[in-house]
Structure formats: structure tokens, C-alpha cells
Protein chains: 2
Amino acid sequence: MAKPKLADVARVAGVSPTTVSRVLNSRGYLSQETREKVYEAMREINYRPNAIARSLQEQKTHLIGLVFPTVSNPFYGELAYRIESKLADAGYKVILCNSEDHPELEARYLDMLMGNQVDGLVTGAHSDVLALAPHLEAPLVTIDRINGGGYPNIRCDNFTGALQATESLIATGVRRIVHFTSTVSEQNLRQQGYSKAMSAAGLEPEIVELGFRSSDGEHRQTINNFLDSEPTVEAVFASNDGYAAMALQWAYVRGKKVPEDFSVIGFDGTPAVRSLLPQLATVVQPFELMAERTVQLLLAAIDGAGSKRTDSDPSEDSPADHNLPVELYLGQTVKAQSNAE
Amino acid sequence: MAKPKLADVARVAGVSPTTVSRVLNSRGYLSQETREKVYEAMREINYRPNAIARSLQEQKTHLIGLVFPTVSNPFYGELAYRIESKLADAGYKVILCNSEDHPELEARYLDMLMGNQVDGLVTGAHSDVLALAPHLEAPLVTIDRINGGGYPNIRCDNFTGALQATESLIATGVRRIVHFTSTVSEQNLRQQGYSKAMSAAGLEPEIVELGFRSSDGEHRQTINNFLDSEPTVEAVFASNDGYAAMALQWAYVRGKKVPEDFSVIGFDGTPAVRSLLPQLATVVQPFELMAERTVQLLLAAIDGAGSKRTDSDPSEDSPADHNLPVELYLGQTVKAQSNAE
DNA sequence: CTGAAAGCGCTAACAG
DNA sequence: CTGTTAGCGCTTTCAG
């Protein structure tokens with residue numbers, strides 16, 4: 001007793017395969033009678049349509065490739081969860097790919113996904129395989145990356161978030177505020193926001209690069225060393241909550257009073273981190289909105305089929321760029337704002 | 001110029017489709033010459049085999065369904081990452097499903113996955129749709145669940161982990177140790193380990209149920225209320241690091257000295273939590289090993305095709321049950337062991 | 001060593 | 001309102 005196929009249903013119901021297909025897809029006119037006969041037969045033999053065969057015929061798989069560095073990182077885990085859920089609601093399935101920020105792996109995944117005829121792609125990976133990729137045949141939405149291929153990009157307002165975070169620190173009266181970030185670059189909007197706020201207040205930006213590819217332990221080491229050697233640092237704005245947690249931990253271990261003697265504010269504010277470290281001040285990303293927009297854009301592109309890339313002036317922000325609003329959460333690692341002014 | 005198909009390669013190379021298929025799968029004898037002609041043609045028209053068509057023909061999709069409550073939870077995110085990576089190495093793709101611990105959603109996902117002809121399933125969901133599921137036609141490996149269907153189950157040694165965690169608390173001299181857990185049950189091995197250690201030390205087990213379906217906020221509320229109303233509690237063993245973090249946070253806010261006046265130990269020890277809260281004592285699960293075993297078992301079942309369920313005496317542990325060793329990490333939230341003895 | 005033909009399970013013309 | 005036929009892109013007998 002192999003898996004029942006559509007033809008089996010047809011036989012049992014005493015109709016043609018076409019008719020079964022019709023009731024399955026409610027296409028065309030069917031008499032109520034045949035329809036019931038068919039449903040009855042399907043139930044009787046416990047029939048389940050073969051999505052693979054359907055995909056082949058319809059030239060549409062309802063498969064979406066999701067390429068993230070790793071869902072073990074709560075930031076991507078959060079997004080993966082929300083995006084998958086929304087896609088599932090719309091009848092799409094997600095193939096998960098953890099590229100580990102490895103260009104090679106990423107390229108391999110992309111290839112695999114195209115081979116699997118995915119209807120669309122979402123990627124939050126960092127390498128720039130995309131730019132090199134000859135041309136994906138499926139619509140692609142990128143998440144939180146420097147827009148390198150003219151693909152629509154969903155991200156939070158990194159600049160404003162960083163600006164406000166830094167300003168909130170400055171407003172408490174601290175002056176020596178250091179920024180920890182993975183990669184220093186003119187393109188880096190969080191870095192820009194930080195620098196802007198510092199300059200505006202007449203303060204000297206001070207940026208410490210932690211290295212994109214180095215390990216967690218190395219990051220912590222660098223942070224500890226830096227803070228140990230620079231005892232007059234009063235506050236830290238970290239480009240993500242992981243680094244912020246490390247700075248915070250440093251302070252606890254060194255017996256610094258937080259926020260009286262040392263302030264910390266991070267970035268991301270995933271529910272996981274918010275729950276684990278509720279005291280940590282951070283810039284909270286709009287995860288739900290980001291997922292919503294991502295799915296919405298992707299499905300629109302799939303339906304519209306064709307306008308994958310935005311053919312706009314590459315010199316300015318692509319109209320497909322989405323800068324979603326962040327929310328500042330001050331927690332207990334930033335002093336109450338001084339009413340100095 | 002539609003996507004090139006195998007027939008196109010054949011035409012360009014001046015051979016039959018059969019031959020192209022042969023070189024693609026290196027089956028049978030091919031002259032070096034034709035082989036090169038074919039490769040050349042593939043390159044020329046940028047051919048990529050259609051995995052869907054292949055799946056239909058081969059009756060094998062190389063798709064694995066992964067059903068977890070949500071990868072936004074670092075525990076599942078960590079496992080999802082590791083399992084996906086290993087499966088990818090073996091040439092399998094993962095369809096991600098976040099069931100949110102919703103029996104209905106889970107059932108729907110399972111149905112969808114079968115419709116997509118997945119070659120195998122991994123599930124760490126909690127509801128018992130599986131037991132009800134008529135019969136999955138694909139091999140299934142479950143993760144960290146009470147074994148309700150005779151399916152192979154991968155988990156860490158919950159009992160020993162809990163036992164040792166509790167013992168490590170007792171060894172420091174504290175006597176009133178409370179256990180926070182989501183669901184109280186005789187089946188609950190972490191609870192069992194805790195109770196066993198307490199009884200063995202002549203101490204009274206004290207278990208607080210936080211509710212499986214309630215929200216994070218409610219859990220925190222319950223924990224805070226309990227600890228506020230029971231000021232003589234000296235230590236907490238939480239069934240996961242989330243609860244442990246809440247207890248810890250309570251202590252910080254209340255000004256309790258940790259670990260001098262109040263000790264906390266959790267469970268899971270995901271890298272994410274280890275990094276965010278390095279001071280937190282916890283029972284560390286062997287994620288890599290768990291992923292390895294899961295994949296290994298699943299692939300073996302797929303290859304062996306047939307022996308999906310273990311037909312062993314259901315009264316005792318299924319031979320397919322895997323109790324992987326945990327590692328105790330004492331951090332700084334448990335006192336140094338007193339040398340009382 | 002290579003090709004022709006059939007078929008995986010389903011849907012889409014086109015008749016009737 | 002329903003059935004017949006062809007075909008999605010690939011692999012696989014079975015011949016040659």
C-alpha cells in the first residue's frame with residue numbers, strides 16, 4: 001500500500017483524475033454530487049496531495065529561502081521565527097540556511113535554493129555574494145545590510161537609534177562615551193549616529209573595533225582590556241546587546257557602580273535579551289514590523305514577478321529601502337536624565 | 001530565455017538527455033570526451049538541475065522538517081542552527097516550522113511536511129500530536145520530550161543534571177532551596193532530580209509551578225511574588241536559564257547579595273545565555289552532541305527506511321532514548337563549596 | 001558507451 | 001459538468 005495518489009482517488013470515486021484535481025483546487029464547475037464522491041474517496045484512502053508534483057507542474061514551489069548567519073543568535077532567531085510564521089500564514093514554507101557569515105557557504109546555499117526553485121529569498125547574511133551572484137531568478141529581500149545590489153532592504157533606523165542612544169547618554173552628563181562596534185566603516189549607520197551625537201555635543205568620538213570574524217571570547221577580551229586601560233571612560237554605547245552585556249559584566253566584576261559610575265546602552269533589544277537582562281538600556285528594533293514588511297515586500301514581488309530590482313538612482317537611498325522606527329529603552333544602566341539645562 | 005533545462009544541455013552538447021543525466025549523476029560508463037562536451041554545455045548555458053523534478057522522479061526530496069516551538073528561544077535556535085548545519089553537510093535541506101507549542105499549528109505543519117514529501121522529521125514541540133498522528137510516513141527523531149510515541153528521543157540527562165545542580169547548592173550549606181519549573185509532573189526528570197537530591201539531604205522539596213502557557217511577564221510576576229513572600233528562601237534551582245535570570249534579577253533589585261545571601265542555578269546553558277549572563281550558574285546541555293546524534297539517527301533511519309519506531313517494551317526506556325551527559329557550570333551565583341564535611 | 005521511450009504525480013488545454 | 005491527452009524536468013529501464 002504505497003502512498004495513495006490522485007489517480008487512486010479517481011478510481012475509488014469513479015471519476016477521472018481531472019475531476020479530482022478540479023475538486024482539489026475548486027476550479028471549474030463541479031456537481032455537488034461528484035464533489036462529495038471525491039471527498040469521500042479522499043478520506044477513505046487517506047489521500048494527501050503531493051506538493052512536489054504540484055510544484056513541478058505549476059512552476060511554483062511556495063518555498064522561500066531564508067539565509068541568516070545563524071539562528072542561534074537571538075537577533076536572527078527572532079526574525080526567523082516571525083518571518084517564518086507570517087510566510088506560513090500565507091501558505092509558504094521556509095528553507096532555513098545558516099551561512100555563518102561564510103561567503104562560500106552562502107554561495108552554496110544560494111545555489112541550492114535556486115536549484116530547489118524557491119519562489120523567493122530573504123537574506124540577512126553579511127557577505128556580498130549577492131552582488132557577485134550572476135542574477136538570482138527569484139525575488140530577494142535583504143535585511144539590515146548595506147544595500148549592495150539594489151535589492152530592497154528592510155532595516156531599523158540605525159542612524160537615529162544610535163543618535164538617540166548617544167544623546168540619552170550625553171544628557172545624563174557623562175562626557176567620555178566610547179562606542180564598541182564590530183566593523184568600523186563610513187557606511188556604518190550606527191557609528192554615524194554615534195559620531196554625529198558626539199560631535200554635536202562637542203565631544204570626541206571614540207570608537208573601538210572588535211572585529212567581525214573574531215570569537216565571543218576575543219570580543220570580551222578586547223572590551224575588558226580596553227576598559228581596564230582606560231579608567232576614565234564613563235559610558236559605553238555598544239552596537240549590539242552582546243557587546244553591551246560584556247561591558248556591563250566588566251563593570252560588575254570591577255565593582256563599578258552602574259549607572260552611577262558607568263553607563264551602558266546596547267542595540268537590538270530582542271525579547272530574549274530583554275528578558276534575560278531587563279536592566280540593560282538598549283535601542284529596541286521593531287521586529288514584528290520588520291518581519292511584516294519583509295514578507296509583504298517579498299510576496300508582492302513574487303506576485304508581481306519581474307520587478308526584482310529597483311531601478312532607481314543608486315546614488316541615493318533606494319525607494320525600496322525601509323528604515324523602520326526604533327524605540328529607546330533606558331532600563332537601569334543609564335542614569336536618570338539630569339535636568340542640567 | 002527561460003531557465004535552461006536538461007534537454008537544452010543535451011541539445012547544445014549534441015547528445016541525448018539520458019547522457020546528460022548520466023554525467024550529472026556519474027552513472028554508467030561515459031567517454032571522457034562526451035563528459036567534457038556536456039560539462040561545457042552546462043557551463044555555456046548556465047544550467048542548474050531542477051531539484052523538484054529530480055525529487056519527483058527519485059521519490060526522495062532530501063527535505064527534513066524541523067518543528068520547534070520557536071527559534072526565537074535561544075535553546076531551540078541553538079539546536080536548529082546546529083542540526084541544520086549538519087544536515088546541510090549531508091546534502092539535506094531543512095524546512096523550518098515554529099509551532100509555538102500550539103497543537104493545531106503543529107498538526108498543520110506536520111501535514112504540510114508530509115505533503116511536501118519530507119524524507120525525515122525532527123521535532124522538539126511539546127504537544128502530543130505525534131501520538132495522535134495516524135502514522136507519519138517519514139522517520140522522526142524527537143528532542144527532549146517525554147517519549148510518548150515510541151519514537152527515538154534525544155535529550156540531555158535531565159535527572160542527573162538537576163540532581164547535581166541541587167547537590168551543588170546543598171553542598172554550599174544552604175537549606176531552603178526552591179525549584180521553579182513550568183509544569184509539575186511526576187514525569188518531569190529535572191523535578192525528579194531536584195526532589196531526589198533534596199530528600200537525600202533530608203530537606204523538604206519545594207516546587208513552584210510557573211505555568212507552561214503563560215507569558216514571560218507572568219512568570220516573572222509569579223517568581224517575584226513568591227520570593228517576596230518567602231524571604232527565607234536561600235537558593236533557587238530553575239528548570240531553565242530564563243527563570244534563573246528572573247530570580248537573579250529579583251535578587252539584584254531587592255539588594256540581596258548573590259551568592260552570599262541568595263544562590264541561583266539554572267538549566268540549559270546556551271551559548272547566548274552564557275555570553276549574556278556569564279555569572280549565572282547552570283547545567284549546560286551538550287548541544288553539539290545532541291545535534292550530532294539527532295542527525296545521525298535520522299539519516300540512519302532514512303537510509304534503513306522502515307524501522308521508524310522502536311518495537312521495544314514500552315514500559316522501560318526505549319533503546320532509542322539517548323541521555324546525553326550535561327556539564328555543571330557554577331559561575332558566580334553559587335557559593336564556593338563549604339568544606340563543612 | 002549511448003539513445004528512445006516511459007513515467008514520477010499532478011494540472012491545463014481542449015473536446016464533448 | 002466531465003474526460004482525454006499532453007507535459008512540467010528529470011531518471012531509468014531496455015535496446016542497440
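Reminder, nothing fancy here: chain letters follow the sequence lines and each chain counts from 1.
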Answer yes or no: is there an ion pair linking [X] with [Y], defined by an N-O contact shorter than 4.0 Å?
| X | Y | value |
| --- | --- | --- |
| A/Asp8 | A/Arg11 | yes |
| B/Glu33 | B/Lys37 | no |
| A/Lys86 | A/Glu288 | yes |

Between A/Glu292 and A/Gln296, is a side-chain hydrogen bond (donor to acceptor under 3.5 Å, both in side chains) present by the stated rule, with each step listed?
CA-CA 6 Å; A/Glu292 201 174 297; A/Gln296 179 181 302; over 6 Å; no
Heavy atoms under 4.0 Å, any strand shown: does [X] hit a base, just sugar-phosphate, or nothing?
| X | value |
| --- | --- |
| A/Leu56 | base |
| B/Gln57 | base |
| B/Val20 | nothing |
| B/Ser31 | sugar-phosphate |

Evaluate side-chain hydrogen bond (donor to acceptor under 3.5 Å, both in side chains) for A/Lys93 paired with B/Asn116, printing each intermediate quantity in order.
CA-CA 10 Å; A/Lys93 309 140 234 172; B/Asn116 277 271; 3.1 Å; yes
What nucleotide, of C/dG3, C/dC8, C/dT11, holds the atom closest to the side chain of B/Thr19?
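That would be C/dG3.
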Taking the side chain of A/Ser21 as heavy atoms from C-beta outward, which of C/dA4, C/dG9, C/dT11 is closest to it?
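Among the listed nucleotides, the one closest to the side chain of A/Ser21 is C/dT11.
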Between [atom2] of [N] and [atom1] of [X], the distance in whole Å:
| X | N | atom1 | atom2 | result |
| --- | --- | --- | --- | --- |
| B/Glu58 | C/dG9 | CD | C1' | 15 Å |
| B/Tyr29 | C/dG3 | OH | C1' | 19 Å |
| A/Gln59 | C/dC10 | CD | C1' | 12 Å |
| A/Leu6 | C/dC8 | CG | C1' | 13 Å |
| A/Leu24 | C/dG9 | CG | C1' | 12 Å |
| B/Glu36 | C/dT2 | CD | P | 12 Å |
| B/Gln117 | C/dG9 | CD | P | 9 Å |

Residues B/Tyr81, B/Phe287; criterion ring-ring contact (aromatic ring centres under 6.0 Å, His included); working and verdict:
CA-CA 10 Å; B/Tyr81 158 57; B/Phe287 293 99; over 10 Å; no
Which two nucleotides bound the region of DNA chain D that has atoms under 4.0 Å from heavy atoms of chain A, read 5' to 3'?
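Range of nucleotides touched by chain A: D/dC1 to D/dG9.
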B/Asn98 side-chain N/O to B/Glu100 backbone N/O, donor-acceptor pair under 3.5 Å:
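No, the answer is negative, given that no donor and acceptor are paired below the 3.5 Å cut-off.
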Within the side chain of A/Thr34, is there an N or O that forms a donor-acceptor pair under 3.5 Å with the backbone of A/Ser31?
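A pair under 3.5 Å: yes.
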OP1 or OP2 of [N] less than 4.0 angstrom from a side-chain nitrogen or oxygen of [X], does that happen here?
| X | N | value |
| --- | --- | --- |
| A/Asn25 | C/dT11 | yes |
| A/Arg27 | C/dT11 | no |
| A/Arg22 | C/dT11 | no |
| B/Thr34 | C/dT2 | yes |

Taking the nucleotide of DNA chain C with the nearest heavy atom to each, does B/Pro17 or A/Ala53 sit closer to the 5' end?
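This one resolves to B/Pro17.
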Verdict with supporting geometry, B/Met114 and B/Leu121, side-chain contact (heavy atoms from CB on, under 4.5 Å)
CA-CA 9 Å; B/Met114 294 322 304; B/Leu121 287 166; 4.2 Å; yes
Between the opening five pairs and the closing five pairs of the helix from C/dC1-D/dG16 to C/dG16-D/dC1, how far apart are the helix axes, to 10°?
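Computed angle between terminal axes is 40°.
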Does the side-chain contact (heavy atoms from CB on, under 4.5 Å) test come out yes or no for B/Asn153 and B/Ile143, once each step is laid out?
CA-CA 5 Å; B/Asn153 181 257; B/Ile143 293 195; 5.5 Å; no
